[in-house]
K.L.:
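Take this structure, written in structure tokens, and hold onto it; I'll ask about it next.
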Amino acid sequence: MGDLVARYKRMCGFNVLHPMGWDAFGMPAENAAIEQKVHPAAWTFENIETMKAQLKLMGYSIDWDRELATCKPDYYGQQQALFLDMMAKGLVYRKESSVNWDPVDHTVLANEQVIDGRGWRSGALVEKRKLTQWFFKITAYADELLNELDNLTRWPEKVVLMQKNWIGRSTGAHVTFELVDAKGQDQGSVEVYTTRPDTLFGASFMALAADHPLVGPRAAYDPALAQFVTECRQMATTEAAMQTAEKKGHRLDLFARHPFDRDWLLPVHAANFVLMDYGTGALFGCPAHDQRDLEFARRYDLPVKPVVVPKGMDPAQFEIGAAAFTDDGILANSGFLDGLDVEAGKLAAIAKLESQGNGRGATQWRLRDWGVSRQRYWGCPIPVIHCDACGVVPVPRQDLPVRLPDDATFDVPGNPLDRHPTWKHVPCPKCAKPARRETDTLDTFADSSWYFARFCGQPDDRPLDREACDYWLPVDQYIGGVEHAILHLLYSRFFTRAMRDCGHLDLAEPFASLFTQGMVTHQTFKDKDGNWLYPEQVRLEQGGAVTIKDGEFVTVGGVEKMSKSKRNVVAPETIVDTYGADTARWFVLSDTPPDRDIEWTDAGIDGAWRFTQRVWRVISENISLAGAVAIRPQGDMGNADLALRRAAHKAIQAVTADIDAFHFNRAVARLYEYTNALQSGLGAEGISATVIREALETLVLLIAPMMPHLAEECWAGLGHDTLVADAAWPSFDASLTREDSVTVGIQINGKRRAEIDLPTDAPEDVVREMVLAQDRVIKLLEGKPVRKIIVVPNRIVNVVV
RNA sequence: GCCCCAGUGGCGGAAUGGUAGACGCGGCAGACUCAAAAUCUGUUGCCUUCACGGGCGUGCUGGUUCGAGUCCGGCCUGGGGCACCA
């Protein structure tokens with residue numbers, strides 16, 4: 001798909017940069033090292049070689065001079081330089097944060113490695129453990145990242161929306177609640193964040209995160225609370241899990257004074273649905289108007305008092321059942337807020353809080369800073385040194401890159417860098433006393449957050465070639481899987497701004513136009529022991545599937561994105577071996593709209609193969625009839641000439657528009673149509689040689705971006721001594737693309753009943769006359785009076801009786 | 001749970017609110033052939049009719065409109081996203 005665009009744009013006269021690189025760090029290589037006892041580097045470079053060979057086999061027009069791999073020191077060393085720049089700018093910091101910890105394997109787990117709360121390899125119950133970790137301050141750009149989404153007009157709306165939700169700006173208030181114990185003794189205060197200050201009079205409890213600073217000390221003398229906190233730590237913290245889990249809590253020996261009524265005391269609970277990472281880690285519960293709070297209140301028999309009532313309803317009649325009322329309405333039972341709508345109520349509540357000094361309006365972001373520490377080997381080492389005397393010291397620039405040691409071991413659990421016998425022991429760059437390297441590596445999303453800029457130019461002494469970036473960036477057309485809609489694209493937008501503020505380039509948005517292609521999916525298969533099987537190992541039979549080797553029963557799994565780990569892949573070589581690269585390229589483009597997922601099947605590839613043959617035949621059989629190179633048709637022409645020229649120019653018009661709109665499957669259909677027209681048109685009497693040449697060359701030029709090898713062969717056959725890849729994309733003559741007459745459907749009362757041939761763009765009154773004069777129309781109308789005639793030019797005529 | 005997207009022949013899919021099913025696959029029939037393959041031609045949404053024609057039809061259900069696959073409301077089913085996979 002990308003190659004088609006690159007070749008097409010090149011033919012249109014653009015200077016095209018079409019590079020390829022390898023995002024090569026990450027867990028798959030480390031898993032392979034553990035499972036297959038191969039070094040991650042060896043495994044990675046072997047895969048790169050295989051994939052590169054596959055890409056070359058397909059004939060992609062890639063500029064291999066710019067190839068890069070993120071796992072090579074010349075790339076990650078420059079990334080370390082960027083890290084130091086960002087550190088100097090205050091965009092990097094350390095703080096405590098929790099990770100999934102496998103207590104048996106002594107290793108940090110990714111969320112995908114935690115299955116039902118247990119480690120995927122060890123099966124041990126996973127714990128949350130606090131580690132001091134590195135963070136990129138992406139929240140410094142939260143406003144900018146959100147606001148500029150609206151200027152990304154050439155991005156899919158879906159992706160823009162997903163990013164907006166991810167950044168998640170909300171407005172509300174911070175409210176301070178004073179705390180007292182059961183005897184009424186002062187116990188300080190706690191701040192909560194709420195998006196619904198208007199519902200404060202409906203409050204019936206306060207809830208704190210299990211990790212809230214007020215909870216820990218109380219767990220020390222309350223074993224049941226300690227138990228509850230442990231449970232919360234073992235709970236999955238994804239949003240989906242938080243919202244679907246049963247709402248549970250534990251009562252604390254604290255009460256919160258209501259901010260509008262000091263004598264009104266709310267019970268305080270620790271609760272499993274409150275996240276320490278969001279807001280202040282504390283909230284007030286208003287069960288009548290929040291579903292989570294309602295479930296919690298029902299479980300613990302807390303009051304449910306409605307304070308927002310649907311418009312026009314009597315507050316006395318309004319009751320909350322199983323569902324909280326979250327729509328707009330009129331405030332009631334709320335003292336000074338009574339009678340206001342939700343929006344006005346929020347403003348009035350905030351104004352009152354501010355005048356009392358126990359609250360203020362606030363904006364809250366769902367976006368959190370980007371935690372980039374990974375306790376793994378196969379990633380970019382974080383270039384800092386920890387010294388007992390000097391603290392955290394950046395590695396001096398001249399010492400970059402900090403290289404990964406080649407002799408790491410993977411046979412024991414834990415971080416290979418941390419347990420390496422020598423690697424981390426270095427002198428402090430400041431005081432020269434013994435110190436330790438940072439053993440965390442960077443999240444691999446960092447690697448892919450700036451590679452597009454490195455493609456523009458790859459200087460040895462700095463991350464980017466600023467002039468080259470000015471020339472090439474932003475990327476005019478970015479094509480990637482929809483699975484990158486949030487993280488990769490957001491991190492790249494952040495990195496670009498960070499690099500801008502560090503003076504490496506002058507740009508905020510890296511990708512001017514984005515196209516998200518669908519995923520290629522395939523059915524999955526497992527043998528009786530639960531091992532994944534390749535499709536070529538399986539034979540489908542009536543009522544099930546068996547292995548080809550020994551006929552054993554096979555479990556047919558779901559249709560999923562092709563991935564090596566699930567073995568549901570089809571190697572492109574197989575298709576290229578049988579049909580050739582051009583047929584494979586054509587087939588991939590032919591059927592499915594490119595933004596939709598496709599389930600891989602080779603049903604239909606015969607059509608692509610036949611088409612390849614037909615193109616070759618129609619060109620080679622007619623070369624001898626074609627006129628000389630470079631002579632265009634002109635002057636008077638017969639009907640046959642005109643018909644063929646029309647077909648050619650219509651094809652140019654349609655294919656150009658379809659490629660511009662990324663409707664490649666339609667472009668393919670137009671080319672099938674044109675080839676049909678060409679074959680019958682060439683058979684007509686009295687075709688001129690110049691017209692034959694134009695018609696044949698048009699076909700070759702139009703297929704050139706899709707089937708480059710065949711197109712070159714045909715182009716040479718037609719007598720050219722230059723490459724069709726360097727030829728200009730054809731333009732069409734508008735006078736040849738419009739027809740003299742059109743067939744228009746006739747509707748009677750909206751139902752299609754007849755049709756009529758009309759001159760193109762005939763005036764409306766002529767159309768009316770011709771339609772009403774048609775025998776069939778007269779018969780169908782049975783003399784009924786015509787009330788109205790709607791004429792849609794060149795489309796349809798609707799007669800209303 | 002929340003947010004978003006999709007649903008059209010046997011299949012992949014076309015269709016600026018204007019002739020639903022372009023194009024391809026598959027099927028059927030025919031030509032060529034001793035035969036097969038390849039190739040070519042015709043045909044192919046469903047029901048009904050000897051035929052002309054008629055009826056139905058874009059997940060279900062209401063609505064807007066001269067006209068709805070397309071716009072709006074409600075529902076059903078499938079898929080995606082929801083912070084350490086990349």
Side-chain angles (χ1 to χ4, degrees), chain A residues 23-28 31 97 99-100 108-114 133 156-159 161-162 164-166 168 237-245 273 277-278 291-292 295 366-376 443-445 447-448 481-488 490 518-519 521 559 561 563 565 587 590-593 595-599 601-608 610-611 613-614 617 663 665-673 676 679 742-756 787-801:
Chain A
D23 185 17
F25 273 140
M27 294 210 316
N31 289 337
S97 168
V99 293
N100 298 313
V108 174
L109 298 177
N111 278 341
E112 69 158 12
Q113 297 174 319
V114 181
Q133 308 204 70
E157 279 176 44
K158 174 184 166 169
V159 174
L161 184 69
M162 281 166 85
K164 280 185 179 170
N165 290 339
W166 184 267
T237 49
T238 63
E239 212 169 298
M242 300 293 276
Q243 281 185 46
T244 47
F273 61 94
D277 288 331
Y278 186 77
Q291 192 60 35
R292 287 170 321 177
E295 285 168 38
R366 202 185 86 101
L367 182 69
R368 307 204 290 262
D369 277 333
W370 175 13
V372 290
S373 281
R374 297 292 181 272
Q375 293 70 37
R376 298 181 204 286
D443 179 5
T444 57
F445 271 114
D447 313 336
S448 55
V482 67
E483 67 273 23
H484 291 297
I486 300 174
L487 295 184
H488 164 57
L490 189 68
M519 297 181 291
T521 63
V559 174
K561 183 191 173 185
S563 75
S565 61
F587 176 57
S590 64
D591 272 342
T592 303
D595 55 349
R596 200 181 292 187
D597 288 352
I598 58 165
E599 184 180 349
T601 151
D602 48 19
I605 197 163
D606 286 340
R610 278 201 285 265
F611 181 71
Q613 304 300 312
R614 276 176 65 200
R617 215 177 314 121
H663 293 155
N665 57 325
R666 290 205 309 211
V668 164
R670 297 290 85 84
L671 283 165
Y672 276 119
E673 274 176 348
N676 290 340
Q679 283 187 308
V742 284
T743 305
V744 166
I746 299 174
Q747 296 180 331
I748 311 283
N749 286 341
K751 281 199 183 260
R752 186 180 175 280
R753 282 296 136 96
E755 60 182 39
I756 189 169
R787 268 212 298 152
K788 197 170 166 190
I789 301 181
I790 291 141
V791 177
V792 182
N794 305 326
R795 289 280 183 182
I796 205 161
V797 177
N798 190 7
V799 183
V800 187
V801 296

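All values derive from a computational prediction rather than experimental measurement. All chains are named by letter (A, B, ...) in the order of the sequence lines, taking the proteins before the strands, and each is independently numbered beginning at 1.
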K.L.:
The side chain of A:P593 is closest to which nucleotide in this list: B:C66, B:A14, B:C23?
P.N.:
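Given the options B:C66, B:A14, B:C23, the side chain of A:P593 is closest to B:A14.
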K.L.:
For nucleotides B:G81 and B:C71, find the distance between their C1' atoms and express it as a whole number of Å.
P.N.:
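Here B:G81 and B:C71 have their C1' atoms 27 Å from each other.
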K.L.:
Choosing from B:C56, B:C25, B:C84, which nucleotide comes nearest the side chain of A:R610?
P.N.:
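Of all the options, the side chain of A:R610 is nearest to B:C25.
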K.L.:
Could you work out which one of B:A83, B:G67, B:A86 sits closest to the side chain of A:L367?
P.N.:
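Looking only at side-chain atoms, A:L367 lies closest to B:A83.
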K.L.:
Of the nucleotides B:C82, B:U39, B:C84, which one has an atom closest to the side chain of A:R617?
P.N.:
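Output: B:U39.
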K.L.:
Could you measure between the two P atoms, the one in B:G63 and the one in B:G54, and give it in whole Å?
P.N.:
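Going atom to atom, P in each nucleotide, I get 27 Å.
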K.L.:
Looking only at atom types and distance, does a side-chain atom of A:R366 sit under 3.5 Å from a main-chain N or O of A:W166, one as donor and one as acceptor?
P.N.:
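Between the backbone of A:W166 and the side chain of A:R366 there is a qualifying donor-acceptor contact (under 3.5 Å).
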K.L.:
Choosing from B:G54, B:G81, B:C84, which nucleotide comes nearest the side chain of A:R753?
P.N.:
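My answer, after comparing the listed nucleotides, is B:G54.
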K.L.:
Would you indicate which nucleotide in B:A83, B:A14, B:C66 comes nearest to any side-chain atom of A:R596?
P.N.:
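Comparing B:A83, B:A14, B:C66 against the side chain of A:R596, the answer is B:A14.
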K.L.:
Across the strands shown, which category fits A:L161 at heavy-atom distances under 4.0 angstrom: base, sugar-phosphate, nothing?
P.N.:
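If one applies the 4.0 Å heavy-atom cut-off, A:L161 turns out to touch the sugar-phosphate alone, with no base involved.
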K.L.:
I want to verify a distance call: between B:C84, B:A86, B:U19, whose nearest atom is closest to the A:R795 side chain?
P.N.:
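Selected nucleotide (nearest to the side chain): B:U19.
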K.L.:
Would A:R596 and A:N665 count as having a side-chain donor-acceptor pair, cut-off 3.5 Å?
P.N.:
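No pair is found: no donor N or O on one side chain lies under 3.5 Å from an acceptor on the other.
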K.L.:
Taking the P atom of each, how far is B:U58 from B:G7, in whole Å?
P.N.:
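Looking at atom P only, B:U58 and B:G7 are 14 Å apart.
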K.L.:
Can you spot which of A:V799, A:N798, A:V797 makes a side chain to side chain contact (heavy atoms under 4.5 Å, CB included) with A:I748?
P.N.:
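Single side chain to side chain contact (heavy atoms under 4.5 Å, CB included) partner of A:I748 among A:V799, A:N798, A:V797: A:V799.
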K.L.:
What nucleotide among B:G18, B:A14, B:C23 has an atom nearest to a side-chain atom of A:E673?
P.N.:
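It is B:C23.
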K.L.:
B:G24, B:G81, B:A86: which one has an atom nearest the side-chain heavy atoms of A:I486?
P.N.:
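Ranking B:G24, B:G81, B:A86 by closest atom to the A:I486 side chain puts B:G81 first.
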K.L.:
Quote, to the nearest angstrom, the C1' distance that separates B:G55 from B:C5.
P.N.:
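Taking atom C1' in both B:G55 and B:C5, they lie 35 Å apart.
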K.L.:
From the options B:C3, B:A14, B:C23, select the nucleotide whose nearest atom is closest to the side chain of A:N165.
P.N.:
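For the A:N165 side chain, the nearest candidate turns out to be B:C3.
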K.L.:
Identify whether the glycosidic angle of B:G80 places it syn (within 90° of 0) or anti.
P.N.:
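Anti, angle beyond 90° from zero.
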K.L.:
Measuring only the P atom in each nucleotide, how far is B:C66 from B:C11? A whole number of Å is fine.
P.N.:
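Pairwise P distance, B:C66 against B:C11, rounds to 36 Å.
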K.L.:
Would you indicate what A:Q133 reaches in the nucleic acid, counting non-hydrogen atoms under 4.0 angstrom: base, sugar-phosphate, or nothing?
P.N.:
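The residue A:Q133 makes base contact.
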K.L.:
Regarding A:R614 and A:Q679, is there a side-chain donor-to-acceptor distance under 3.5 Å anywhere?
P.N.:
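There is such a pair (donor and acceptor under 3.5 Å, judged by atom type) between the side chains of A:R614 and A:Q679.
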